[in-house]
Amino acid sequence: MAPLPVSRNQTARVTFILLGFSEYQDLQVPLFLVFLTIYTITVLGNLGMITIIRLSPKLHTPMYFFLSHLSFVDFCYSSDITPKLLENLLVEDRSFSVAGCITQFFFLCTCAVTETFMLAAMAYDRFVAVCNPLLYTVAMSPKLCVLLVAACYSWGLACAFICIYFVSTLYFCGTKLIYNFVCEYSAIASVSCSDPHISQVILSSFATFNEVGSLVIVFTSYVFIFVTVMRMPSTAGRYKAFSTCASHLTAITIFHGPILFLYCVPSDKSSWLLIEIASVFYTVVIPMLNPVIYSLRNKDVKQAARRLINSQLSCHKS
């Protein structure tokens with residue numbers, strides 16, 4: 001006998017339960033403190049980075065313009081995921097409404113796609129800076145920078161709306177257990193009472209396009225950068241060129257690494273722990289690491305931060 005179709009009224013009465021980290025009952029408080037510390041550093045680091053860039057005229061360059069928007073996306077990324085994770089570590093009721101889960105997924109998708117192409121735009125910026133330094137100011141005009149950032153946000157929102165459309169075609173019934181701490185698409189689709197195969201294929205194609213497309217831009221940019229740097233006669237010039245790209249390369253590696261890892265891990269019950277760990281890294285840890293990477297390895301940012309702190313201290317003393 002064929003299963004009865006599930007109505008949209010049933011979907012309205014569905015409750016999701018996020019089971020991420022619920023298996024570690026004795027570690028709920030320590031995990032809460034760890035994630036609260038990470039989230040605090042993330043908020044202070046990214047908002048601090050935006051403030052330093054905005055208030056320091058020396059940092060009003062294309063590279064730092066992109067970096068300020070990367071910090072904003074990281075702040076939104078973490079704020080979409082971590083508060084609910086912190087709540088679930090403290091309360092026994094881990095239920096999450098369908099509307100709340102889909103809303104979280106919408107912002108997760110928007111931020112993930114936006115950051116993916118923001119890093120690609122930053123790779124293009126480094127390509128122009130290293131390969132065409134004399135034309136850098138003209139080539140990376142304020143208008144082009146704004147257009148590139150707007151394109152990243154627009155494509156992120158477009159992908160999120162496409163994802164939400166296909167999620168809205170799924171039906172859900174009863175109480176569903178999600179073996180993760182975040183509402184990402186594969187977790188939502190796995191508890192659907194309807195066949196998610198078509199939507200999974202389409203959205204997997206979009207995800208693959210975004211990942212491959214952004215990495216092609218990054219790889220192509222850095223191939224030209226490498227060739228240009230190796231042709232430089234001065235060792236000091238090579239070191240300086242590579243050092244300007246080091247922070248960005250580190251950010252790309254830690255962002256795309258977990259995502260590519262998730263592509264290789266099968267979405268079955270035996271892999272839930274690996275998926276959970278990788279999800280923690282790219283949704284919670286990476287937004288904290290980016291401002292740390294760019295501030296610790298960047299002399300201009302550290303100098304700008306010191307000037308702002310000193311100016312604030314002198315104002316208070318006077």
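All heavy atoms count here, side chains included; hydrogens, waters and symmetry mates do not. Given the structure is predicted, the values throughout are model-derived calculations rather than measurements.
- Interatomic distance, Met122 CE to Cys245 SG, rounded to the nearest 0.5 Å: 10.5 Å.
- The structure places CG of Leu59 at 11.5 Å from CZ of Arg54, a figure rounded to the nearest 0.5 Å.
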Discussion item. Between Phe35 and Val280, is the side chain to side chain contact (heavy atoms under 4.5 Å, CB included) condition met? List the steps.
Written reply: CA-CA 10 Å; Phe35 288 124; Val280 166; 3.8 Å; yes

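- The cluster map of Ile, Leu, Val, Met, Phe, Trp and Tyr, joined by side-chain heavy atoms under 4.5 Å apart, puts Leu157 and Ile202 in the same cluster.
- Residues Ser95 and Asp93 share a closest heavy-atom pair of OG-OD1, 2.7 Å.
- Judged by distance alone, the side chain of Thr250 and the main-chain N or O of Ala246 form a donor-acceptor pair under 3.5 Å.
- Between Tyr294 and Leu70 the shortest side-chain heavy-atom distance falls below 4.5 Å.
- Counting only heavy atoms from C-beta outward, the side chains of Ser247 and Leu67 never approach each other to under 4.5 Å.
- The same ILVMFWY cluster, assembled from side-chain heavy atoms under 4.5 Å apart, contains both Ile286 and Leu86.
- Hydrophobic clustering (ILVMFWY, side-chain heavy atoms < 4.5 Å, transitive): Val73 and Val146 are in one cluster.
- Using a 4.5 Å cut-off on side-chain heavy atoms (C-beta onward), Phe32 and Leu36 make contact.
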Item to complete: Could you walk me through whether Ser221 and Arg126 pass the side chain to side chain contact (heavy atoms under 4.5 Å, CB included) test, one step at a time?
Response: CA-CA 8 Å; Ser221 297; Arg126 292 298 82 206; over 6 Å; no

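- Here the CG-OG distance, from Leu177 to Ser190, works out to 10.0 Å after rounding to the nearest 0.5 Å.
- Without hydrogens or angle criteria, Ser214 side chain to Glu211 main chain gives a donor-acceptor distance under 3.5 Å.
- Within the 4.5 Å cutoff, the side chain of Met288 has heavy atoms near those of the Val285 side chain.
- With contacts defined as side-chain heavy-atom distances shorter than 4.5 Å, the pair Phe181/Thr283 qualifies.
- For the pair Ile102/Ile164, a side-chain contact is recorded, criterion being any heavy-atom separation below 4.5 Å from C-beta on.
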Practice prompt. Test side chain to side chain contact (heavy atoms under 4.5 Å, CB included) on Thr116 and His256 and set out the steps.
Written response: CA-CA 8 Å; Thr116 298; His256 287 282; 4.0 Å; yes

Practice prompt. Report the C-alpha distance between Tyr185 and Phe166 in whole Å, list the side-chain angles of each, state the deciding distance to 0.1 Å, and finish with yes or no for ring-ring contact (aromatic ring centres under 6.0 Å, His included).
Written response: CA-CA 10 Å; Tyr185 180 76; Phe166 284 104; 8.5 Å; no

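- In this structure the side chain of Thr82 never reaches within 4.5 angstrom of the side chain of Thr42, judged on heavy atoms.
- In this structure, His69 contributes its side chain and Glu115 its backbone to no donor-acceptor pair below 3.5 Å.
- Within 6.0 Å of the CZ atom in Phe72, the count of heavy atoms belonging to other residues, nucleotides or ligands does not exceed 12.
- Heavy atoms only, all atoms of each residue included: Cys183 and Phe105 are closest at O-CB, 3.3 Å.
- A donor-acceptor pair is defined here as one N or O able to donate and one able to accept, closer than 3.5 Å; such a pair exists between the side chain of Arg94 and the backbone of Asn88.
- Here the straight-line distance linking atom CD1 of Ile254 with atom CG of Asn290 works out to 5.0 Å at 0.5 Å rounding.
- Residues Asn210 and Val113 come closest through the heavy atom pair ND2-CG2, 3.8 Å.
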Fill in: Steps toward side chain to side chain contact (heavy atoms under 4.5 Å, CB included) verdict (Phe172, Ile188)
CA-CA 9 Å; Phe172 303 93; Ile188 297 174; 3.5 Å; yes

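- By the 6.0 Å contact criterion, CD1 on Ile198 is open, its count of non-hydrogen atoms from other residues, nucleotides or ligands being 12 or less.
- In this structure, the separation between CG on Asp125 and CZ on Phe66 is 5.5 Å, given to the nearest 0.5 Å.
- In the hydrophobic cluster analysis, where Ile, Leu, Val, Met, Phe, Trp and Tyr join through side-chain heavy atoms closer than 4.5 angstrom, Val201 is grouped apart from Val212.
- Cluster membership for Phe226 and Phe224, using ILVMFWY side-chain heavy atoms within less than 4.5 angstrom, is shared.
- Checking side-chain atoms of Gln28 against main-chain N and O of Phe21 turns up a donor-acceptor pair under 3.5 Å.
- Lys176 meets the salt bridge (Lys or Arg N to Asp or Glu O under 4.0 Å) test with no other residue; sequence neighbours excluded.
- A distance of 10.5 Å separates CG in Leu33 from OG1 in Thr40, rounded to the nearest 0.5 Å.
- For Tyr136, the OH atom is densely surrounded, since the number of other residues' heavy atoms within 6.0 Å is greater than 12.
- Across Ile50 and Ser71, no two heavy atoms sit closer than the pair CG1-CB, 3.8 Å.
- The sulfur atoms (SG) of Cys163 and Cys109 lie 2.5 Å or more from each other.
- The heavy-atom pair separating Ile52 from Ser56 by the smallest distance is O-OG, 2.8 Å.
- You'll find the side chain of Val128 stays beyond 4.5 Å of the side chain of Leu135, heavy atoms only.
- Within the 3.5 Å criterion, the main-chain N or O of Tyr165 finds a donor-acceptor partner in the side chain of Ser168.
- The shortest non-hydrogen separation linking Pro287 to Asn46 is O-ND2, 2.9 Å.
- With hydrogens and angles disregarded, a donor-acceptor distance shorter than 3.5 Å links the side chain of Ser192 to the backbone of Ser194.
- In this structure, cysteines Cys76 and Cys111 have SG atoms that are not closer than 2.5 angstrom.
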Practice prompt. Report the C-alpha distance between Tyr77 and Thr114 in whole Å, list the side-chain angles of each, state the deciding distance to 0.1 Å, and finish with yes or no for side chain to side chain donor-acceptor pair (under 3.5 Å).
Written response: CA-CA 10 Å; Tyr77 207 166; Thr114 300; over 6 Å; no

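- No hydrogens or angles considered: a donor-acceptor pair under 3.5 Å links the side chains of Tyr39 and Ser79.
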